[in-house]
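Convention: sequence-line order gives letters A, B, ...; per-chain numbering from 1.
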Amino acid sequence: MKVYLDNAATTKVDPRVLKVMLPYFSVNYGNASSIHTMGQENFNVLTDCREKVAKILGADSRGIIFTSSATEANNYLIKGIARANRKKGDHVIISAIEHPCVRESARQLEKEGFRVSIVPVNYEGLVEISELEKLIDKKTVLVSVMMVNNEIGTIQNISELVKLAKKYGTYFHTDAVQAVPYLKIDIKELGVDALSLSAHKFGGPKGVGLAYLNPAVYAEPLIIGGGQEEGKRAGTYNLPGIVGMTSALEIAYKERSEYVKRVKKLRDRLWDGLKKNLPDIQVNGSIKERVPANLNVMFGYVEGEAILIDLSYKGIFVSTGSACSATNLKASSVLAAIGLSKHFLNSNIRFSLGKETTEKEIDYTIKMVTETVGRLREFSPVSKL
Amino acid sequence: MALKYTKKTIDHFLHPKNIGKMDRPDGFAEIGNMVCGDQLNFYLKVDKGKIKDVKFLSFGCASNIATASIMTEKIKGMKVEDAKNFKWKEIVEDLGGLPQQKIHCSIMAVEGLQKAIKDYEKHIDEKLKKEVREEVKKAKKIVVEKK
C-alpha cells in the first residue's frame with residue numbers, strides 16, 4: 001500500500017487541472033505579450049485567469065501578480081515593500097514561525113540596514129496581538145505573519161493583527177500558501193496589503209505562484225526586464241502554469257466544504273487511533289486553531305527521521321522537523337518557537353492529509369506507525385524524560 | 001533535502017544487529033551528540049582480552065542505528081587492543097558510503113565504543129588493584145602467622 005501523507009510539501013496535480021493546461025504547451029503556445037492574434041488570444045486567457053483568481057480571493061485584479069513560486073512572491077513582497085517605503089521607516093516585523101523564504105528575506109533586509117523584530121508565538125503556535133503591540137511602532141514599514149503554518153498547521157487571526165498594523169500605517173503581508181482551501185481568503189475583508197500563494201499546494205502545477213499587492217502600494221520589483229505584469233515582475237507569462245493554477249484554485253474552492261469535512265474526519269480518526277495505541281505522544285500546536293489536514297505529533301523516546309525512514313519502507317510518506325533530517329542538523333525552528341523542550345524537538349512527525357486520502361489509508365497508517373514507533377522504542381535508551 | 005542511504009545502511013536500520021540491553025556488562029558507555037540530540041548506549045562483555053559480546057541501544061536516526069549496528073558486528077570477537085584502533089572510516093566504507101551530513105553518526109559510534117572500552121579498562125584496573133591489595137593482605141597475614 002502506498003500512502004501519501006505529505007500534502008503540505010506538495011500535492012498531486014488534479015487530472016482536470018492537467019487537462020486544461022495541456023493545450024497551452026503545444027497548441028496555444030503563443031507568447032501572451034506578442035501582438036499577433038496567437039499572442040492576443042493568450043493575453044485574453046491571461047486576463048481571464050487574473051480576473052477569476054481575483055474574484056475567488058476577493059481582490060482587485062490589478063493587484064494579482066503571477067510569479068514562479070510563493071518563495072518568489074514572498075521575496076518580492078517583503079523586500080520590495082520594505083525597500084520602496086524606506087521613507088516611512090526602517091523597521092520590519094515577522095513572526096517566529098515563518099517559512100525560511102520569509103526569514104531569509106528579512107535577514108537580507110537586516111543586512112541592508114533595516115531593523116527586524118521577531119514576534120513570538122505562544123505554546124499553541126499563535127501570535128498574540130499584545131506581543132505584536134509591544135514591537136510595532138510608527139517606523140514599522142511591514143508586518144509579515146503567515147496565515148497557516150506549514151509544519152503545525154496553526155491558523156493565525158490575521159484580520160485582528162491587520163487592524164493593529166493599520167493603526168500605525170504599517171503594511172501587512174501574509175504568506176497564505178497553506179491556507180487553500182481550508183480557509184476562505186477574502187483579501188478585502190482581511191485587509192492585508194500583500195499575500196502569497198503557490199499552486200502546487202492545492203492540486204496545481206509546480207513552478208507557479210502569485211503575489212497579491214494592493215495596487216495603491218508600491219514594491220520594488222525583484223525581477224526586471226520586459227515589463228510584464230505592469231513592470232512588477234518581468235519574464236514571459238507562464239500560461240500553462242497560470243491556467244493550471246486558476247483551474248486548481250477554482251476546483252479547490254468549489255469542492256471546499258465537502259473536502260474540509262471529509263479530511264477533518266480522517267485527521268481525527270488518525271489522531272484517535274494513534275492516541276489509543278501509543279502512550280507518550282502529543283500534538284504539537286493548537287489542535288483547535290489548526291487546518292483540518294494537518295497533524296503534527298511528538299512521539300516520545302524515538303527520533304523523527306528514524307520513524308520517517310521506517311515508514312517510507314512501509315509505503316507511508318510523511319515529513320519531520322527533526323535535526324537529523326536537516327542538512328544543517330538544526331531541529332525545526334517552529335517547534336522550538338512553540339516552546340517544545342529540547343528532549344522532544346527531534347521526535348516529531350508531520351502528517352498532512354489531502355484530497356486523495358482514504359479511510360483505509362488512515363487505518364493502515366495507524367497500524368504501521370504503531371509498529372514502527374513500537375520497534376524503535378524497544379531499543380531506545382531513553383524511556384522517561 | 002534528499003537523503004540517499006545505501007541498501008546496506010537501510011538493511012542495518014531495519015534489522016539492526018546486536019541491539020538490546022546487556023546485564024552486568026564489563027564495559028558500558030552512554031554517548032550523546034550535542035548537535036543533533038542523538039544518543040547511543042554500548043555494553044561490552046570481555047573474555048581473555050577479546051570482545052566476547054557487544055550490545056547497543058539507540059535514540060537516533062536511521063544512520064545512527066545502522067552505523068552502530070555494523071560496528072558491533074565488526075568488533076565482536078575482536079581483541080580489545082585492536083578494537084581500540086577501530087576507525088569510523090571502516091563503517092562508512094562498509095556501508096557503501098553515507099550522506100555527508102550523516103558521517104558524524106559513524107564518528108559517534110566509534111567514540112561510544114572507545115568510551116565503553118575505557119570503562120572496561122577502568123574496571124579491570126580496579127579489579128586488578130583489588131586483587132593485588134587482597135594478595136598483599138594475604139601475604140601480610142601469612143607473615144604474621146609465621147611470626
Side-chain angles (χ1 to χ4, degrees), chain A residues 6 9-10 100 280 298-333 335-336 340-350 368 371-385, chain B residues 1-7 9-22 25 28-43 54-69 72 98-109 112 115-116:
Chain A
D6 203 13
T10 195
D280 301 328
M298 192 288 296
F299 295 94
Y301 329 133
V302 286
E303 199 279 326
E305 191 252 30
I307 302 176
L308 183 151
I309 301 283
D310 200 75
L311 286 179
S312 92
Y313 281 88
K314 291 175 167 140
I316 299 170
F317 309 111
V318 296
S319 103
T320 175
S322 133
C324 294
S325 72
T327 326
N328 62 5
L329 295 174
K330 273 194 181 144
S332 156
S333 56
L335 297 178
L340 206 63
S341 117
K342 75 173 182 6
H343 300 292
F344 298 146
L345 268 184
N346 293 313
S347 301
N348 55 84
I349 290 289
R350 176 187 73 184
M368 290 301 119
E371 247 183 62
T372 294
V373 173
R375 173 176 94 88
L376 297 171
R377 276 182 179 174
E378 248 171 55
F379 52 76
S380 170
V382 197
S383 55
K384 277 215 168 68
L385 292 167
Chain B
M1 179 213 52
L3 263 181
K4 215 165 153 42
Y5 286 134
T6 61
K7 197 181 165 293
T9 308
I10 291 297
D11 279 349
H12 273 275
F13 162 62
L14 294 176
H15 311 285
K17 306 287 183 309
N18 303 309
I19 198 128
K21 249 185 171 165
M22 186 192 283
F28 168 77
E30 184 181 298
I31 187 159
N33 184 303
M34 293 304 285
V35 183
C36 63
D38 283 1
Q39 195 189 316
L40 281 170
N41 287 9
F42 284 103
Y43 305 84
V54 52
K55 290 250 185 272
F56 78 99
L57 296 178
S58 156
F59 170 93
C61 61
S63 88
N64 174 288
I65 294 165
T67 50
S69 166
T72 57
L98 271 177
Q100 190 53 41
Q101 71 270 32
K102 296 290 184 183
I103 296 287
H104 76 274
C105 295
S106 65
I107 298 171
M108 182 174 152
K115 207 175 159 190

Legend entry - Sub-4.5 Å side-chain heavy-atom contact between Ser380(A) and Gln39(B): no

Legend entry - Heavy-atom side-chain contact between Ile309(A) and Ile10(B) under 4.5 Å: yes

Closest contact, heavy atoms only, [X] versus [Y]:
X: Pro381(A); Y: Asn41(B); answer: CB-ND2, 3.4 Å
X: Phe13(B); Y: Asp310(A); answer: CE2-N, 3.6 Å
X: Phe59(B); Y: Tyr301(A); answer: CD1-O, 3.0 Å

Legend entry - Per-residue contact mode, Leu14(B) against chain A (heavy atom under 4.5 angstrom): both

Legend entry - Contacting moiety of Lys102(B), where chain A heavy atoms sit under 4.5 Å: side chain

Inset, instruction - Give, for atom CZ of Arg375(A) and atom NE2 of His15(B), the distance between the pair rounded to the nearest 0.5 Å. - result: 7.5 Å

Inset, instruction - Supply the atom-to-atom distance Glu303(A) CD to Ser58(B) OG, rounded to the nearest 0.5 angstrom. - result: 8.5 Å

Legend entry - Contact class of Thr320(A) relative to chain B, heavy atoms under 4.5 angstrom: neither

Inset, instruction - Given side chain to side chain contact (heavy atoms under 4.5 Å, CB included), test Asp38(B) with Asn346(A) step by step and report yes or no. - result: CA-CA 9 Å; Asp38(B) 283 1; Asn346(A) 293 313; 5.7 Å; no

